[in-house]
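Reminder, nothing fancy here: chain letters follow the sequence lines and each chain counts from 1.
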There are 2 protein chains.
Amino acid sequence: MPDSKASNDTRERILDVAERLFMQHGYEATSMRSITGAAEVNLAAVNYHFGSKEALLREVFRRRLAWLNQQRLQALDRLEEAAGGAPLKPSQILEAFFGTLLRMGEEPSLGGMTFLRLLGRTLTEPAEFIRTFFAGEYAEVIDRYKLALFRALPDVPQAEIVWRLHFMLGAMSYAIAGTDVLQVVTGCEVGDLAGEAAAEELGDTALARRLAQRLMPFLLGGLRAPLPRFEESPITRAASAGGLPTEV
Amino acid sequence: MPDSKASNDTRERILDVAERLFMQHGYEATSMRSITGAAEVNLAAVNYHFGSKEALLREVFRRRLAWLNQQRLQALDRLEEAAGGAPLKPSQILEAFFGTLLRMGEEPSLGGMTFLRLLGRTLTEPAEFIRTFFAGEYAEVIDRYKLALFRALPDVPQAEIVWRLHFMLGAMSYAIAGTDVLQVVTGCEVGDLAGEAAAEELGDTALARRLAQRLMPFLLGGLRAPLPRFEESPITRAASAGGLPTEV
DNA sequence: CTACAATCAAAACGAACGTTTGATCCAATC
DNA sequence: GATTGGATCAAACGTTCGTTTTGATTGTAG
């Protein structure tokens with residue numbers, strides 16, 4: 001098959017450009033013409049190689065998420081094997097899940113911060129086809145990590161763990177998506193607070209490393225926070241209002 | 001002036017419908033025709049009353065954010081007056097900032113969960129006019145609360161506080177935006193875990209209350225988490241690597 | 001040489017988009 | 001009762017969208 005090289009070049013160039021433009025402007029606001037124009041390929045090339053604009057977006061994510069979620073599953077496998085049946089530590093689980101992702105931000109060949117920002121912004125897109133796609137891509141990973149957290153925190157109600165997993169996903173997504181919005185919302189560049197050397201426009205890989213360094217303690221602190229008091233239960237609930245063990 | 005009633009009816013009906021549709025489908029994917037159609041007004045009414053689609057979105061947010069951020073500032077004023085010059089507790093600050101917002105979700109006349117979801121989803125939209133608009137609307141509030149946190153946590157580097165404020169905003173935004181996506185990502189309804197009575201489709205006000213109950217402890221835990229170890233500082237940093245005080 | 005997948009330029013498609021126009025309505029003003 | 005001016009209306013404006021088609025050209029594998 002003459003599928004050797006030119007084809008892959010066009011395909012990957014389209015994917016790279018689409019990844020960047022979808023991140024910069026969002027899915028709806030990015031036109032096929034702007035993609036093919038920036039990629040210097042024919043307008044018909046997208047429909048030829050991918051079939052449609054929706055399928056293009058799916059493929060942009062699939063090529064990254066397939067690798068990412070496989071790494072996440074392998075990381076969890078290794079941890080559980082090393083633990084030999086004992087529950088993992090929450091910090092290990094978070095490191096495997098979020099660390100694997102954040103390390104992609106340091107590696108341009110894996111999409112770098114461009115893909116991370118795209119992912120963070122797209123996770124909140126309301127389009128139906130996007131959400132069903134993510135549901136399928138994430139189902140196995142989320143399930144495995146959810147169960148690992150259940151075992152790691154046996155005294156925490158499982159519903160609470162699911163809520164906090166959701167909070168952690170949000171903190172990470174938003175933090176990543178907003179790394180170039182932060183100064184807009186907060187009115188100042190992060191770097192120039194507290195006397196940090198700020199003038200340097202942080203490189204993407206440096207930014208990813210700094211983000212991971214800051215994010216992981218925050219997530220761990222939130223995950224291990226004391227349980228909320230159940231002030232008003234619609235139905236008198238079973239007594240599970242004990243505090244969360246602080247040692248982890 | 002014959003500005004009596006029909007005009008305000010049309011204006012507010014447009015705003016209400018736009019709020020809901022922008023939330024459900026996003027800004028770009030919501031057409032003027034779908035808005036005016038659902039609001040049962042003429043297609044030209046939006047441009048007549050607001051000038052453009054962009055101005056409509058801004059007005060949708062302005063009528064809610066003006067009230068919200070005024071409440072936030074007043075809440076902070078009251079706290080600081082009661083403290084009489086002493087630093088506030090972080091839990092008070094978070095309650096004033098996030099509690100004020102989350103209470104909007106319980107009050108349909110203030111937009112309810114519809115507005116909260118819209119807000120959470122729109123905060124990550126890349127469109128320039130949206131980001132500059134939010135920057136202006138939030139500037140004063142963010143600045144005031146940032147300073148309050150600086151005073152409340154004098155031993156924490158200010159840059160770290162800004163990062164964590166960003167993380168908290170993200171956890172909240174995403175948690176709100178995703179309250180109808182949660183079962184997609186996690187593969188299960190939150191309610192039916194841990195033996196909670198789940199069958200009932202949670203009403204929006206009940207959902208808002210439950211969300212606040214779960215979110216606040218998580219945010220506090222994250223905010224007060226131990227400081228990260230500075231593994232690799234580009235410039236050898238002043239010694240501020242001490243643990244965060246646990247009592248708040 | 002032949003065959004076939006990949007790429008191209010160009011044009012067109014129908015549909016949907018945000019916006020504008022000019023007429024019409026109607027209550028308030030003089 | 002005529003006039004004014006804001007509110008509403010039907011209709012059309014010009015543009016852009018995603019997609020498809022046509023026909024020619026390339027480079028490589030059999």
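- Remark: B:H49 is in phosphate contact with D:dT8, judged by side-chain N or O atoms under 4.0 Å from OP1 or OP2.
- Which of D:dT8, D:dT19, C:dC17 sits closest to the side chain of B:R33 comes down to C:dC17.
- Between the P atom of C:dA6 and the CG atom of A:D9 lies a distance of 13 Å, rounded to the nearest Å.
- Residue A:V41 is in sugar-phosphate contact alone, with no base atom involved, counting any heavy-atom pair closer than 4.0 Å across all strands shown.
- If you measure from atom CG of B:N47 to atom P of C:dG18, you get 9 Å, rounded to the nearest angstrom.
- The nearest whole Å value for the distance from the CZ atom in B:F50 to the C1' atom in D:dT8 is 14 Å.
- Among D:dA12, D:dT21, D:dT19, the nucleotide with an atom closest to any side-chain atom of A:A44 is D:dT21.
- Comparing D:dT8, D:dC9, C:dT19 against the side chain of B:Y48 picks out D:dT8 as the nearest.
- As judged by a 4.0 angstrom heavy-atom cut-off over every strand, A:T36 is placed among residues making no nucleic acid contact.
- For C:dA16, neither phosphate oxygen OP1 nor OP2 lies less than 4.0 angstrom from any side-chain nitrogen or oxygen of B:S31.
- Note on A:S34: nothing from the nucleic acid sits closer than 4.0 angstrom, heavy atoms only.
- The distance between atom NZ of A:K53 and atom C1' of D:dC17, rounded to the nearest whole Å, is 8 Å.
- Rounded to a whole Å, the CG atom of B:L21 is 12 Å from the P atom of C:dC17.
- Rounded to an integer number of Å, the gap from A:E54 CD to D:dT19 C1' is 13 Å.
- Taking the six-membered ring wherever Trp is involved, the centroid distance between the rings of B:Y27 and B:F129 falls below 6.0 Å.
- Checking C:dT19, C:dA5, D:dG18 against the side-chain heavy atoms of A:M32 singles out D:dG18 as nearest.
- A:E40 comes within contact range of the sugar-phosphate backbone alone, with a heavy-atom separation under 4.0 Å but no base atom that close.
- Inter-residue side-chain proximity for A:L21 and A:Q24 is flagged as met; some heavy-atom pair is nearer than 4.5 Å.
- Put simply, CG on A:L43 is 15 Å from P on D:dT16, counting in whole angstrom units.
- The distance from atom CD1 of B:I142 to atom CG of B:L165, rounded to the nearest 0.5 Å, is 5.5 Å.
- Classification of B:R62 and B:E59 as a salt-bridged pair holds, one side-chain N sitting under 4.0 Å from a carboxylate O.
- For D:dA7, the base has no donor-acceptor partner in the side chain of B:N42 [N/O atoms by modelled type, under 3.5 angstrom].
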Notebook entry, point to check: For B:R164 and B:E160, what are the C-alpha separation, side-chain angles and deciding distance, and is it a salt bridge (Lys or Arg N to Asp or Glu O under 4.0 Å)?
Noted result: CA-CA 6 Å; B:R164 294 192 174 181; B:E160 194 68 35; 3.5 Å; yes
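- Residue B:T10 places at least one side-chain N or O under 4.0 Å from the OP1 or OP2 atom of D:dT8.
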